[in-house]
Amino acid sequence: EGNSGQYFEDTGRIELWGNLDGSSKDGYRVLTEYVMINEQKGFLRSDKAVRISGPDFKLNGTGFQADLNNKRFEVLSDVTTIIDEEAVGL
């Protein structure tokens, strides 16, 4: 979900911006203002602030990249995380 977007058919690039709110079937949610998606490579990138939450954590940071094929997500800077200790068995 977001305010605006643009698709570049020749490169498979998608750019989305404005109040982006994405969620997955397994309970994860990503909030940011901008994301660039390389549809052909299954890769996402942003340089904007990001909030990520899951069943047992909340994370804030600046910039991220994700490799959807390998299910890898990296927040690039200014990262703070809150972990629900009970949910992870601490």
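Below, all heavy atoms of this structure are taken into account, side chains as well, without hydrogens, waters or symmetry copies.
- Relative orientation of the F73 and F64 rings is parallel, given thresholds of 30° and 60° on the angle between their planes.
- Judged by distance alone, with hydrogens and angles left aside, the side-chain atoms of N69 form a donor-acceptor pair with the main-chain N or O of K41 at under 3.5 Å.
- Shown here for G27 and P55, the closest heavy-atom pair between the two residues is O-CD, 3.8 Å.
- No side-chain heavy atom of R51 sits less than 4.5 Å from a side-chain heavy atom of K58.
- Both L68 and V50 are part of a single hydrophobic cluster, where members link through side-chain heavy atoms under 4.5 Å apart.
- Q40 is linked by a side chain to side chain contact (heavy atoms under 4.5 Å, CB included) to N38, counting only residues two or more places apart in sequence or in another chain.
- Under the 4.5 Å side-chain heavy-atom criterion for ILVMFWY residues, no single connected hydrophobic cluster contains both L59 and Y34.
- A distance of 10.5 Å separates CG in L31 from CD in E1, rounded to the nearest 0.5 Å.
- F8 CZ to I14 CD1: the interatomic distance, rounded to the nearest 0.5 Å, is 10.5 Å.
- Residues Y7 and F43 fall into different hydrophobic clusters, defined by Ile, Leu, Val, Met, Phe, Trp and Tyr side chains chained together at heavy-atom separations under 4.5 Å.
- Side chain of S4 to backbone of W17: no donor-acceptor contact under 3.5 angstrom is found.
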Take Q65 and E74 through the side chain to side chain donor-acceptor pair (under 3.5 Å) test and state the conclusion after the steps. CA-CA 5 Å; Q65 55 190 24; E74 178 182 8; 3.0 Å; yes
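- Taking D78 as the reference, T62 meet the side-chain hydrogen bond (donor to acceptor under 3.5 Å, both in side chains) condition, with sequence neighbours excluded.
- Atom NZ of K48 sits about 8.5 Å away from atom OG1 of T32, to the nearest 0.5 Å.
- I82 and I52 fall into different hydrophobic clusters, defined by Ile, Leu, Val, Met, Phe, Trp and Tyr side-chain heavy atoms under 4.5 Å apart, directly or through other members.
- When atom types are taken as modelled, the side chain of E33 and the backbone of N19 share a donor-acceptor pair closer than 3.5 angstrom.
- Cluster annotation: M36 and L76 are assigned to distinct hydrophobic clusters (Ile/Leu/Val/Met/Phe/Trp/Tyr, side-chain heavy-atom contacts under 4.5 Å, transitive).
- Partners of D21 according to the salt bridge (Lys or Arg N to Asp or Glu O under 4.0 Å) rule, which considers only residues two or more places apart in sequence or in another chain, are R29.
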